[in-house]
Amino acid sequence: MGEGHPECPERLDAIGDYLLATGLMQWLTPYEAPEATLEQLSRAHASLYVHEIMAAAPAHGYLKLDPDTSMNPHSLPAALRAAGAAVLATDLVLSGETQRAFCAVRPPGHHATRDAAMGFCIFDNVAVGIRHALEVHGLERVALADFDVHHGNGSEDILAGDERVLMVSTFQRGLYPFNGEAPSAANMVNVPLAPRSGGEALRHAVESTWLPRLEAFRPQMLFISAGFDAHRADDMGELGWTDADFSWITQSLLRVADRPCEGRVVSCLEGGYELTMLARCVAAHVRELTGTA
Ligand SMILES: [Zn+2]
């Protein structure tokens, strides 16, 4: 994204190093993410937009897509692989090769709308995975849980009104992208949280709103937009969550997903910019996903 940008390559290095150093890697099977195809991307994005991004990718230097989002010559392959990771993870989980998958990807995806890049995001990786599960694998009900500190406006834009999907989200009120307070469709469950409301407000939101809606919906598969920027060490937001909150939210989602989804979960990395915290909290999240907590 350019010099000094928080959405930097070191994020994935920090995660990879920490998974190795803590021994957690021995419980995981790594896969190389393939590039998503035009057909796969066009299930979530306007094909005109996908063509425009492919044509706009610079051969050198930087191209600004929005005030926060740039492309360099490596960005298009990275964005294609980030979305392709969600597709491969969906295939692996639905073929039974693995039960749960975590996509350590960047750029993140949940701000990319049907026809625009924004907020560090080029393609909405998780939405591409969800549409793949619905349209290629024929699932009828899929849930998305988004706990990034920012509202997943791109996922809402793409998935609102798609009754095969239930999206539950929490985010800090009044923060970028400055929307989401009023959900745009009946399949959107948006819970804005007040700055400095801490883990207590998160737990209340999940227990009183998310879990009953998820239980009633009975999803066949759960996707997670796993953003870690609500942590108190991350200066992107002020929700003040702790490591324990990310473990708790993962456990709560797995509990509700385990029965109707038969444990099928695909989690995609979204935000989280303080590197030490990011690595630690991704590990805590993955530890819950692997059942080694
Ligand atoms: Zn975020």
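Counting convention: from 1, in listed order, for ligands and their atoms alike. One-based numbering along the sequence shown.
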Modelled atom types, side-chain donor and acceptor of Glu156 and Asn190, under 3.5 Å:
yes
Would you say the Zn ion (ligand 1) has His111 as a near neighbour, meaning an N/O/S atom of that residue under 2.8 Å away?
no
How long is the gap from CD1 on Ile224 to SG on Cys268, to the nearest 0.5 Å?
9.5 Å
Residues that Thr69 engages under side chain to side chain donor-acceptor pair (under 3.5 Å), provided they are two or more places apart
Asp66
For the Zn ion (ligand 1), find the closest N/O/S atom belonging to [X] and write down its atom name.
X      : value
Asp148 : OD1
Asp229 : OD2
His150 : ND1

Considering only residues two or more places apart or on different chains, which pairs with a residue in residues 76-123 satisfy ring pair (Phe, Tyr, Trp, His ring centres under 6.0 Å)?
His5-Phe120, His45-Phe123, Phe102-His285, His111-His150, His111-Tyr176, Phe120-Tyr273
